[in-house]
Amino acid sequence: MQKKHPYLKKISNLHSFLFQRMLPVGGSEVSSLLYWRARILFAIILSSALFGIFILASVIPLAVKYKLWGLLLFDVSAWILCLLLLILPRISYMIRATISVLAMYGIGVIIIFSIGPISGGPAWLFCFSIFAAILLGPRAAVLAVSANAIAIAIIGYLIHNNLWIPLSNLFTAQQILATGMNFLFLNILITLSISVLIKGLTQSHEKEKKLSASLEKSENRYRLIADNVADTIWKMDMNLGFTYISPSIYQQRGYTVEEGMAQTLNEIVPPDSLPKVMELLGEKLNLIETDNPDGWEPNIFEIEQFCKDGTTIWTSNNVRILQGSHKNPNGLLGVTRDITRQKLAENAKAEAEHHLAEQKKHALVGQIAGKMAHDFNNILGAIMGNTELSLLDCKEPETKNILKLIFEQTIRGKNLTKNLIAFAKHQEPKQKFFKISKKTELVINLLKKDLKGIELITENDLNIPELLADPGMIEHALVNFLQNSIHALSMTENPKIVIRTYSINDNICFEIEDNGCGIPKEYLENIYDLAFTLKGSQDTAGSYKAGIKGTGYGMYNIKKYIEQHNGNISVESKFGSGTKFTIQLPVIKKKPIDTKTIQIKQEKKYFGKYILLVEDEQEISDVQLRLLKSEPCNHKVDIAKDGKAAINLFNKCEYDLISMDYVLPGSINGMDIYHHIRKTNKTIPILFISGNLEFIESIKELKQKDINIDHLSKPCQNKDYLNSINELLTITLR
């Protein structure tokens, strides 16, 4: 840019300095009318001061020559006044303007009386009223016109009465009067017109200022809201490019406004959500003119959006059309709200509802299982007990093998029943040391009929330590694993199962691997879900032989067992090629055992005690009676088949131990009998024999309070029954 010459710069600074003295208070805005009035006044005074020098230069010699001292005094005084109005400080705009217009009036009057009415004087009076209107407003204009009218009237009066004969007498009195009236008429018209114009401009300007202030206030309010609202407000053009984004995008997604404006949709929305967003926005932007533009309702949709740190948030987007000319859309206005917390709450609620539904399902199955378990276990108990007794008496090898087969199948039936019961109740694992290889041998023995035709390979590390776990749970898990492998091999030409046991990193591991149908990749995460199965009606790929069905509880229970033992389970499978399950359980070192104590315990056998047997199933009570009364126990036994009979016998006799079922005919159950006994005898040992789920859940807490009770689930083996009785007597009689 070209710099100003120093001299010109000084003139410009002086000009600005002098002009500032003309400005009225509150009229410093360039857009205000007061500012431009001051500009006009400054131009008049400055021009008069500058050009007055040239006028004085020509007037002074003439005035001196013709001795016109009055004219000289007036001209010099007028110039000095003009100069003072220009440079004096602390004089208000109104005083400067008033003095200026009055000076015009004075000049006009003096010229008229000096030269005559047909001279330049009337022009000064004419300008006097006009500038009064411009510089001081309508009231001053009316006063100026009135002053002009008075001046013309006085001049007309003096001329008419021959009291003043002007220097210019070229015109008659009638001509001068007509000229004066025309002057006054035009002066009034122009002055009033300018006054009205100035007033109108002033009012319009004030309205414009108010409107502008209001719009600015509204814009500031809108900007304040848009810039500080938690939601992100944005605009898009027809090409889906951003034209505005509120600063709240930083709080919401971590981007600055500039970064957000530069983003495209595929940088904002995850790929799986992009087609949906493009479809929704495209539908809006492709709208054509309709008879009802107001029908363009806002569209609300929920999508995920990327944040700057790479995470995503869930957002609700309210999008509406920006209407342009001819009622056609010319862009979009949207509000984006972060609803991540709401989504999390919804998901948590859905999960809670699902969990509640599962719990209700569990409770329902538990109720059914509880009712089934008692009757079914009584049947198994009778078969198991009598088979064991028969094995003791049987001498024929062929018959003995059949009895062993029956006994093994009752064990298998017991394990199958456990699948349903284990799902329906939460059972704390018992802690016993045993060899995992021995348990796998037992399970293989139980399922050897089903394993016929399958190549079975066992790889057992003989040096692995004993496992501290619940034998029943581990046995149950192994049975389920092996049954699943057997089912998976039903359509395989050369079926093979490999069972491995080993230890690694303080963990005891066992693997079961088969070359069966395998598990499709998409279902690997679901195999532990409750009621999930790929067998039966769910076998859409034809992987299993017809007739093979799944309960959906086996893998669910296995996972629960392993987690209860602080272990973990993993699976490797390829559809059509086979499956391998690996279970790891922590090694718990065995504490040293006092052999003397073991010998003492082994020597503590109790014989000839008086026992009350409470059992309504004749087949089971017969087995229990024979066990208790036979060698080497030789106990004395009374039998009660219902609760009332049991209470009556207890009240009459002094027993050493009570053995009873929980579910009994009539209104009195085993727990009622227990409470009746404990009212008078706090220490007599009581052994509950029951598979009822309701009872199993309640007995856990009761056993913590009463050390003189124990529980066996039906069906139980005869040796377990006698050992439990002996252990209870040991606790009570030691």
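Numbers for residues simply follow the sequence, beginning at 1.
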Novice: Give a yes or no answer on whether the side chain of S273 reaches the backbone of V269 with a donor-acceptor pair at less than 3.5 Å.
Specialist: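 No.
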Novice: For K343, look at atom NZ and say whether over 12 heavy atoms of other residues, nucleotides or ligands are found less than 6.0 Å away.
Specialist: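 Enclosed.
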Novice: Taking the side chain from N148 and the backbone from L125, do they hold a donor-acceptor pair closer than 3.5 Å?
Specialist: yes
Novice: Of the non-hydrogen atoms in M278 and L240, which two are nearest, and what is the gap between them?
Specialist: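 Nearest pair, atom of M278 first, then L240: CE-CD1, 4.0 Å.
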Novice: Does S246 offer a backbone N or O that forms a donor-acceptor pair with the side chain of W234 under 3.5 Å?
Specialist: no
Novice: Starting at CD1 of I60, measure out to NZ of K65 and round the result to the nearest 0.5 Å.
Specialist: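 Atom-to-atom, I60:CD1 and K65:NZ are 16.0 Å apart.
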Novice: Using side-chain heavy atoms (C-beta onward) and a distance below 4.5 Å, is I245 in contact with Y255?
Specialist: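 Heavy-atom side-chain distance check fails, nothing below 4.5 Å.
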Novice: Just wondering, are more than 12 heavy atoms of other shown residues or ligands nearer than 6.0 Å to OH in Y250?
Specialist: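 It does not: Y250 OH has 12 such atoms or fewer within range.
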Novice: If we only count heavy atoms from C-beta on, is the L46 to L86 side-chain gap below 4.5 Å?
Specialist: yes
Novice: Please find the pair of heavy atoms, one from G331 and one from M238, that lie closest to each other, and give the distance.
Specialist: N-SD, 3.6 Å
Novice: Do R253 and Q263 have a side chain donor and acceptor closer than 3.5 Å?
Specialist: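 On atom types as modelled, these side chains qualify, holding a pair under 3.5 Å.
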Novice: For residues F301 and I303, determine if any side-chain heavy atom of one lies less than 4.5 Å from a side-chain heavy atom of the other.
Specialist: yes
Novice: Judged by atom type as modelled, is there a donor-acceptor pair below 3.5 Å linking the side chain of T98 to the main-chain atoms of I95?
Specialist: no
Novice: So, do M236 and T243 sit near enough that their side-chain heavy atoms are less than 4.5 Å apart?
Specialist: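 Side chain of M236 against side chain of T243, heavy atoms only: no contact under 4.5 Å found.
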Novice: Is a side-chain donor or acceptor of T340 paired with a backbone partner of W314 at a separation under 3.5 angstrom?
Specialist: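 Indeed, once roles are kept as given, a pair shorter than 3.5 Å links the two residues.
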Novice: Measure the spacing between CG of L50 and CH2 of W79 and express it to the nearest 0.5 Å.
Specialist: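 If I round to the nearest 0.5 Å, the distance is 9.5 Å.
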Novice: Would you say E525 has more than 12 foreign heavy atoms packed within less than 6.0 Å of its CD?
Specialist: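 For E525, atom CD is not crowded (no more than 12 foreign heavy atoms under 6.0 Å).
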Novice: Quick check for you: to the nearest 0.5 Å, what is the distance between I80 atom CD1 and C82 atom SG?
Specialist: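 Going from CD1 on I80 over to SG on C82, the span is 11.0 Å.
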Novice: So if I apply the side-chain contact (heavy atoms from CB on, under 4.5 Å) rule between V101 and each of L41, I130, L135, which one comes out positive?
Specialist: L135
Novice: Where is the tightest heavy-atom contact between T256 and E259, given as atom of each residue plus distance?
Specialist: N-OE1, 3.0 Å
Novice: Within the structure provided, determine whether R337 and N317 are in side-chain contact (heavy-atom separation under 4.5 Å).
Specialist: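 In short, these two side chains do not touch, never coming nearer than 4.5 Å.
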Novice: Can you check side chain to side chain contact (heavy atoms under 4.5 Å, CB included) on F306 and T311, steps first, answer last?
Specialist: CA-CA 6 Å; F306 287 121; T311 60; over 6 Å; no
Novice: Parallel, tilted or perpendicular, judged at 30° and 60°: which one describes the rings of F532 and Y523?
Specialist: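 If you compare the ring of F532 with that of Y523, the planes turn out tilted.
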Novice: Quick one: pull up CD in Q252 and SG in C307 and give me the separation to the nearest 0.5 Å.
Specialist: 8.0 Å
Novice: How many angstroms lie between CE in M555 and CD1 in I527, if you round to the nearest 0.5 Å?
Specialist: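 Rounded to the nearest 0.5 Å, the CE-CD1 separation comes to 4.5 Å.
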Novice: Is it true that the side chains of S248 and Q251 contain a donor and an acceptor less than 3.5 Å apart?
Specialist: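 Note: S248 and Q251 side chains miss the donor-acceptor criterion.
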Novice: Could you check whether any side-chain heavy atom of D529 comes within less than 4.5 Å of a side-chain heavy atom of N526, counting everything from C-beta outward?
Specialist: yes
Novice: Could you pull out the closest heavy-atom pair between Y528 and S570, with the gap in Å?
Specialist: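 Reported closest heavy-atom pair: OH-C, 4.5 Å.
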Novice: Is it true that T312 and E304 share a donor-acceptor pair across their side chains at a distance under 3.5 Å?
Specialist: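 Note: E304 and T312 side chains meet the donor-acceptor criterion.
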Novice: Decide side chain to side chain contact (heavy atoms under 4.5 Å, CB included) for N568 and E563; before the verdict, give the C-alpha distance in whole Å, the side-chain angles of both, and the deciding distance to 0.1 Å.
Specialist: CA-CA 6 Å; N568 61 73; E563 288 175 348; over 6 Å; no
Novice: With side chain to side chain contact (heavy atoms under 4.5 Å, CB included) as the test, would you mind laying out the steps for M104 and F131 before giving the verdict?
Specialist: CA-CA 9 Å; M104 292 181 187; F131 282 111; 3.7 Å; yes
Novice: List the atom of A144, the atom of S129, and the distance in Å for their closest heavy-atom pair.
Specialist: CB-CA, 3.5 Å
Novice: Can you tell me how far apart OH (Y244) and CD1 (I233) are? Round to the nearest 0.5 Å.
Specialist: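 That separation rounds to 6.0 Å.
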Novice: Are the side chain of R96 and the backbone N or O of L85 linked by a donor-acceptor pair below 3.5 Å?
Specialist: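 Yes: the side chain of R96 pairs with the backbone of L85.
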Novice: Check T336, T315, D338 against T232 for a side-chain contact (heavy atoms from CB on, under 4.5 Å) and give me the one that passes.
Specialist: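 Only one of T336, T315, D338 forms a side-chain contact (heavy atoms from CB on, under 4.5 Å) with T232, namely T336.
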Novice: On a heavy-atom basis, which atom in L333 and which in K235 lie closest, and how many Å separate them?
Specialist: CD1-CG, 3.8 Å
Novice: Show the numbers, then the answer: is there a side chain to side chain contact (heavy atoms under 4.5 Å, CB included) between L274 and I268?
Specialist: CA-CA 9 Å; L274 186 60; I268 299 171; over 6 Å; no
